[in-house]
Asker: 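First the structure, then my questions, so here it is.
Everything quoted here is computed from the prediction, not taken from an experiment. For the single chain, residues carry numbers from 1 onward in sequence order.
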Amino acid sequence: MSTPVTVPNTLLLFGALLLIGLIGAALANRSGRLPGITGMIFVGFLAGPSVLGLVSPTMLGEARVFVDIALGLILFQLGLLLDVRAFFSERRTWLTALLECLLTFTAVFAALRGLQVQALHAALAAAVAVSSSPAVLLMVVRELKASGAVTELSMRLVAFNNVAAFLLYTAILPFVHLEQQAGWLVSLSSPLLQLAGSALVGIGLAIVLVRLSRWLLPAEGGDAFVLVVALVLISLGLAKSLPVSPLLVLLTLGLAVRNIDSPEHLRSVQFGRGGELFFLILFVFAGANLHLDHLYHAVLPVLAFVLARAAAKWLACFLVLRGHGLAKLPSATTGLTLVPMAGMAIGLVQSTEALYPEFAAPLSAIVLGAVAVLETIGPISTEWALKRAGEVP
């Protein structure tokens, strides 16, 4: 008697998430006013545990592997966008990046302290606020086929502020360890070892990737997509088995490949339709993970976080860019492309939750509540800004 064939839940879930995402994107595009990403997030929210419950928390846990792959590909691609030598040779670019990060941190910290949020929670939330969502920016740019000065500058600013957010957060962590009576040695060594370990793993894997590309791909160039995906998966696996940050490992991998002597076809790799499958799941997953109770429990801090962050990013970009001769409209729209926030923010908060769940609870309520707002309005803000800048054909 033959055994009946069963379809694993993971396969069913993969197909369901793709279908839900496609429906959401189609509905948003047909509106003529919303980006496809907003539709993906919205239908994910409707299908998630907070509303209809079609996608359960258990299913979201099973989908985590797809989300990790998507984030890995996005962070690697983000690292590829940042040529360090070119970045610091352009005064306008690095001044905008520095002021944007400093003003965002200061504004969010001051706003939260004004609402009597505990100092360490306010500082960690402000560090998280520095980051922007590379996934949203990359997908909106790809969907609209946007190109131009604002698009290129926004990509560089997002790459920079994600690195800055990680460094700021890591710099504050020793004070968290001290407050939790971890001792001076652990307080100082743990964040430093994680930072150094993540950078070393990322650089080491970048060297491996470059050498493999020269050995396996034709001298005149070739399709490096499969090779890159393989190394991204290996990087994720290693990062999860070592005391390092997967987010920083993948970002370092892309940065190192871009800035060491690597072949051109490796530095300009495109993920195309294969990558979009995972990106689509990422946004449906983000929608399904939105919880209105986070907003309910911390309404005022969340609103203060969102408004202070958006105002700081917009003001910093406008002041520096106008002061360096960029036209008024591009200067006024660049900061609006930095409004979305998700992957790095969630990853940083989850790392603190894993160490000190009780301490991290108020921080999670503020940050995840802000993510719920910014993932909803962020894609709309980014699309509107790129269209107003005249960079959408």
Side-chain angles (χ1 to χ4, degrees), residues 35 77-111 126-168 251 255 258-259 305-341 344-345 374 377-393:
Q77 193 170 9
L78 186 67
L80 287 179
L81 296 172
L82 192 58
D83 185 328
V84 174
R85 283 167 291 190
F87 180 86
F88 285 104
S89 67
E90 297 174 5
R91 179 183 171 86
R92 183 178 70 183
T93 304
W94 64 259
L95 270 179
T96 305
L98 283 177
L99 184 61
E100 182 251 311
C101 293
L102 290 172
L103 196 57
T104 300
F105 181 89
T106 304
V108 173
F109 180 79
V128 167
V130 169
S131 69
S132 298
S133 172
V136 172
L137 181 59
L138 286 169
M139 282 296 288
V140 171
V141 167
R142 183 176 299 176
E143 184 179 326
L144 299 177
K145 297 181 175 62
S147 62
V150 172
T151 302
E152 291 179 10
L153 181 58
S154 298
M155 297 281 199
R156 293 173 185 172
L157 293 176
V158 168
F160 183 88
N161 69 29
N162 274 272
V163 175
F166 190 93
L167 294 176
L168 283 168
L251 194 55
L255 278 167
R258 181 70 178 85
N259 290 280
F305 181 107
V306 169
L307 293 174
R309 178 180 178 275
K313 288 185 179 294
W314 178 84
L315 182 61
C317 292
F318 182 76
L319 290 176
V320 177
L321 295 176
R322 280 298 285 157
H324 282 76
L326 195 65
K328 187 175 182 179
L329 193 56
S331 299
T333 53
T334 300
L336 298 177
T337 66
L338 307 179
V339 168
M341 184 186 79
M344 180 67 76
L374 294 169
I377 65 174
I380 300 170
S381 168
T382 302
E383 176 170 313
W384 186 86
L386 293 174
K387 286 180 175 178
R388 290 290 293 162
E391 303 202 348
V392 177

Asker: Roughly how far apart are E391 CD and E152 CD, rounded to 0.5 Å?
Answerer: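 E391 atom CD to E152 atom CD measures 8.0 Å (nearest 0.5 Å).
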Asker: Would a 4.5 Å heavy-atom cut-off, applied to side chains only, mark L336 and R388 as touching?
Answerer: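 The answer is no; the side chains never approach within 4.5 Å.
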Asker: Is a donor on one side and an acceptor on the other found under 3.5 Å between the side chain of W94 and the backbone of S89?
Answerer: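 Checked: no pair found.
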Asker: Which heavy atom of F305 sits nearest to which heavy atom of A129, and what is that distance?
Answerer: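 Closest approach of F305 to A129: CZ-CB, 3.5 Å.
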Asker: To check you understand the geometry: which heavy-atom pair defines the closest contact between N162 and S131, and what is its length?
Answerer: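 N162 and S131 have their closest heavy atoms at OD1-CB, 3.9 Å.
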Asker: State which residue, out of S331, P330, C317, fulfils the side chain to side chain contact (heavy atoms under 4.5 Å, CB included) condition with R322.
Answerer: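 Testing R322 for a side chain to side chain contact (heavy atoms under 4.5 Å, CB included) against S331, P330, C317 leaves exactly one candidate, S331.
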Asker: Show every ring-ring contact (aromatic ring centres under 6.0 Å, His included) that has at least one partner inside residues 141-166, sequence neighbours left out.
Answerer: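 Qualifying pairs: F87-F160.
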Asker: For A385 versus T333, what's the shortest heavy-atom pair and its separation?
Answerer: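 Result for this residue pair: CB-O, 3.4 Å.
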Asker: Run L95 and E90 through side-chain contact (heavy atoms from CB on, under 4.5 Å) and show every step you take.
Answerer: CA-CA 9 Å; L95 270 179; E90 297 174 5; over 6 Å; no
Asker: Show the nearest heavy-atom pair for residues V136 and P340, with the distance to one decimal.
Answerer: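 The pair with the smallest heavy-atom distance is CG1-CG, 3.6 Å.
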Asker: So, for S154 and L338, which heavy atoms are closest and what is the spacing to 0.1 Å?
Answerer: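 What the structure gives for the nearest pair is O-CD2, 4.1 Å.
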Asker: Got V339 and T382 here, is their nearest side-chain heavy-atom distance under 4.5 Å?
Answerer: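 No, side chains not in contact.
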Asker: Rounded at 0.5 Å granularity, tell me how far CG in L386 sits from CD in E143.
Answerer: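 Going from the CG atom of L386 to the CD atom of E143 covers 11.0 Å.
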Asker: When rounded to the nearest 0.5 angstrom, what is the spacing between OG1 in T93 and CG in L98?
Answerer: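 Between T93 OG1 and L98 CG, I get 11.0 Å after rounding to 0.5 Å.
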Asker: Taking the side chain as C-beta and beyond, is there a heavy-atom pair between T96 and T334 under 4.5 Å?
Answerer: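 They are not in contact (no side-chain heavy atoms under 4.5 Å apart), so the answer is no.
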Asker: Tell me, do L103 and L319 make a side-chain contact under 4.5 Å, heavy atoms counted?
Answerer: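 L103 does not reach L319 side chain to side chain.
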Asker: Working to the nearest 0.5 angstrom, can you tell me the gap between T337 OG1 and L137 CG?
Answerer: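 It is 6.0 Å, given to the nearest 0.5 Å.
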Asker: Just verifying a value: how many Å separate M341 CE and R309 CZ, rounded to the nearest 0.5 Å?
Answerer: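 Taking CE in M341 and CZ in R309, the distance rounds to 5.5 Å.
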Asker: Can you check side-chain contact (heavy atoms from CB on, under 4.5 Å) on N161 and T104, steps first, answer last?
Answerer: CA-CA 10 Å; N161 69 29; T104 300; over 6 Å; no
Asker: Might you point out which heavy atoms bring K313 and V130 nearest each other, and give the distance in Å?
Answerer: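 Closest approach of K313 to V130: NZ-O, 2.8 Å.
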Asker: Quick one: CD on E383 to CG on L144, what's the gap to the nearest 0.5 Å?
Answerer: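 Interatomic distance, E383 CD to L144 CG, rounded to 0.5 Å: 4.5 Å.
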